[in-house]
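The structure appears right after this line, and notes come after that.
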Amino acid sequence: MASLPAPARSTTHTVTNQPPLLAPYDASDDPVLLEGLHREGAGWAEEGLRRLGLRAGSAEAQEWADQANRHEPVLCTHDRYGNRVDEVDFHPSWHHLMRTAVAEGLAGTPWAEDRPGAHVARTAGGLVWGHTDAGHGCPTSMTYAAIPALRRQPDLAKVYEPLLTGREYEPELRVPTEKRGLLAGMGMTEKQGGSDVRTNTTTATPTAESGLYTLRGHKWFTSAPMCDVFLVLAQAPGGLSCFLVPRILPDGSRNTFRVQRLKDKLGNRSNASSEPEFDGTVAWLVGPEGQGIKTIIEMVNCTRLDCVMMSATLMRRTLVEAGHHARHRSAFGARLVDQPLMRNVLADLALESEAATTLTLRLAGAADRAVRGDAGERAFRRIATAVGKYWVPKRGPAFTAEALECLGGNGYVEDSGMPRHYREAPLLSIWEGSGNVNALDVLRALRREPDSAQALFGELALAQGADVRLDTSVARLKDLLATASEASARRLVEHMALTLQASLLVRHAPSAVADAFCATRLGGDWGHAFGTLPDAVDVDTVLGRALPGDD
């Protein structure tokens with residue numbers, strides 16, 4: 001039988017019309033971010049922010065993010081000899097991300113800096129470094145937020161604050177005071193109550209030593225169980241109180257912190273969220289007994305700002321990905337980015353992204369100035385942070401879904417990274433109070449703290465007369481406030497958020513951007529999905545600003 005010739009080498013097709021990898025890119029290449037950085041008093045941080053932007057967009061950092069999410073944390077309850085250890089093993093990429101974030105001052109560092117704008121610089125850093133992975137932003141956020149609460153107990157703050165504000169990342173569990181840097185977590189919610197923390201059943205029993213208690217109970221969502229210390233709410237004899245719980249006690253022994261399981265979450269999978277059990281757990285009182293909510297509320301205000309920041313980051317990150325794809329992909333004889341309807345979609349997303357980033361940096365500026373004693377900014381921060389926390393994360397899932405769709409089927413596969421961003425988006429609306437909790441918090445602030453409403457309208461007045469649609473929206477907001485009820489709280493806060501975003505854009509954005517936002521979000525010349533901008537919008541200007549290099 002004659003032998004057959006070896007098959008000739010051939011390929012069935014040549015790969016064409018596929019975009020190159022986005023990385024490396026500059027995550028700080030965003031005029032909205034850089035303008036806001038200077039406007040809010042942190043222009044001195046631009047050089048470092050640009051350096052961080054290049055690192056965030058590097059192939060190496062993007063690979064860290066991918067690997068940290070593909071190789072999820074694993075709970076180890078016991079060592080090989082049967083000793084209870086309750087440790088969580090992370091992929092090395094997680095530690096690379098954490099080490100960079102802490103070294104760049106994205107955890108507690110701003111509280112140790114005297115120069116104005118330190119908190120703005122941190123938020124801007126989060127807007128850039130968040131282009132990698134959102135999960136590791138949880139422990140850095142809680143570490144940042146723990147410090148103002150801890151200051152309610154000066155003797156504890158004296159010991160722990162210098163370590164929480166450091167730039168050293170040491171993940172091993174050791175005696176806190178023997179480390180060069182610490183991370184903080186928090187344990188507030190329980191299975192029977194969730195956000196209704198007053199129903200907590202974890203108990204705190206005083207010991208013979210002043211300020212020292214033992215805890216018994218169970219927490220439902222405690223993120224980053226490998227943190228060094230935790231702020232925890234428990235029922236003391238005097239009522240719901242705040243406590244500091246270290247994983248390792250001063251004598252080197254392990255505190256009772258039994259991790260029952262890690263949550264199997266929709267997103268945020270690089271980060272470990274746990275259910276710890278306390279049983280004779282040693283804890284130190286933070287603030288007076290019975291004032292747990294009042295003590296920890298500053299922590300909540302800080303983490304709510306970070307929810308707004310991370311939502312804005314996801315918007316910007318997915319917009320960059322969508323724009324990159326559209327520039328390099330052709331269909332029906334033209335590049336996607338040159339096709340009118342795709343340009344409409346991208347421009348609509350760009351408006352949403354700019355409004356979110358601008359509001360985020362304004363909130364960071366208010367936080368920075370409030371810390372430095374500005375009473376007006378403190379009042380503005382009180383209401384505007386809750387408004388921003390309600391609205392910006394609410395926009396995130398729809399935004400990331402639309403950005404994913406710009407890539408078509410390519411965006412629906414895990415390799416693109418877009419499914420990870422999409423799964424991440426809903427978390428920011430749930431964490432630190434769901435939409436209802438934040439909407440009702442706005443009502444609470446309006447009724448109990450009238451200076452917050454005055455501060456908000458004072459901010460809106462800075463743009464008075466610049467756009468008739470904005471003026472009309474402010475007048476309508478006043479009418480809505482007069483008839484506000486719990487049932488209509490979402491409607492009120494949505495209008496409040498859009499009016500505030502519009503006022504900021506009217507004051508600070510190019511006229512094409514401000515006009516398009518006011519025409520659509522306030523004027524009603526808009527559909528129910530992204531990509532329904534009216535023909536009058538200057539799409540070229542909007543895209544040229546949002547996607548540098550658009551041609």
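Across every non-hydrogen atom of C227 and R247, the tightest pair is O-CG, 3.1 Å. Residues R420 and T132 come closest through the heavy atom pair NH1-O, 3.2 Å. Scanning all heavy atoms of the two residues, the minimum distance from K179 to P171 falls at NZ-C, 4.3 Å. Nearest heavy atoms, S270 versus N69: N-OD1, 3.5 Å. When all heavy atoms of Q153 and G287 are compared, the pair lying nearest together is OE1-N, 2.9 Å. What you find for C76 and D89 is that their closest heavy atoms are CB-OD2, 4.4 Å.
In this structure, R51 pairs ionically with E104, as a charged nitrogen and a carboxylate oxygen lie closer than 4.0 Å. Ionic pairing of D155 and K158 is not present here: no N-O contact between side-chain nitrogen and carboxylate oxygen is shorter than 4.0 angstrom. For the pair E298 and R381, the salt-bridge criterion is met [side-chain N within less than 4.0 Å of a carboxylate O]. Salt bridge R507/E459: present, at least one basic N to carboxylate O contact under 4.0 Å. A salt bridge links E72 with R269: at least one charged nitrogen is closer than 4.0 Å to a carboxylate oxygen.
Side-chain atoms of S223 and S273 include a donor-acceptor pair closer than 3.5 Å.
Under a cut-off of 6.0 angstrom, the local environment of OH in Y213 is crowded, with over 12 non-hydrogen atoms contributed by other residues, nucleotides or ligands.
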Fill in: Test side-chain contact (heavy atoms from CB on, under 4.5 Å) applied to D86 and R254, step by step
CA-CA 10 Å; D86 297 288; R254 287 177 179 261; 5.6 Å; no

Discussion item. Between K265 and E424, is the salt bridge (charged side-chain N to carboxylate O under 4.0 Å, His left out) condition met? List the steps.
Written reply: CA-CA 10 Å; K265 298 172 292 184; E424 195 72 37; over 6 Å; no

Discussion item. Could you walk me through whether E60 and H96 satisfy the side-chain contact (heavy atoms from CB on, under 4.5 Å) test, starting with their C-alpha distance in whole Å, then the side-chain angles of each, then the deciding distance to 0.1 Å, before giving a yes or no?
Written reply: CA-CA 10 Å; E60 179 183 49; H96 293 320; over 6 Å; no

Worksheet entry | salt bridge (charged side-chain N to carboxylate O under 4.0 Å, His left out) between E275 and K219, intermediate numbers included | CA-CA 5 Å; E275 294 177 33; K219 292 297 177 181; over 6 Å; no

Discussion item. One pair to check against side-chain contact (heavy atoms from CB on, under 4.5 Å): W64 and H91. What are the steps and the verdict?
Written reply: CA-CA 9 Å; W64 290 343; H91 189 269; over 6 Å; no

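Note on ring orientation: taking the six-membered ring where Trp is involved, the planes of F90 and W94 are parallel (angle under 30°, cut-offs 30° and 60°).
Stacking of K389 on the aromatic ring of W431 is not recorded, the 6.0 Å distance cut-off and the 45° axial limit not both being met.
Using a 4.5 Å cut-off on side-chain heavy atoms (C-beta onward), S503 and L500 make contact.
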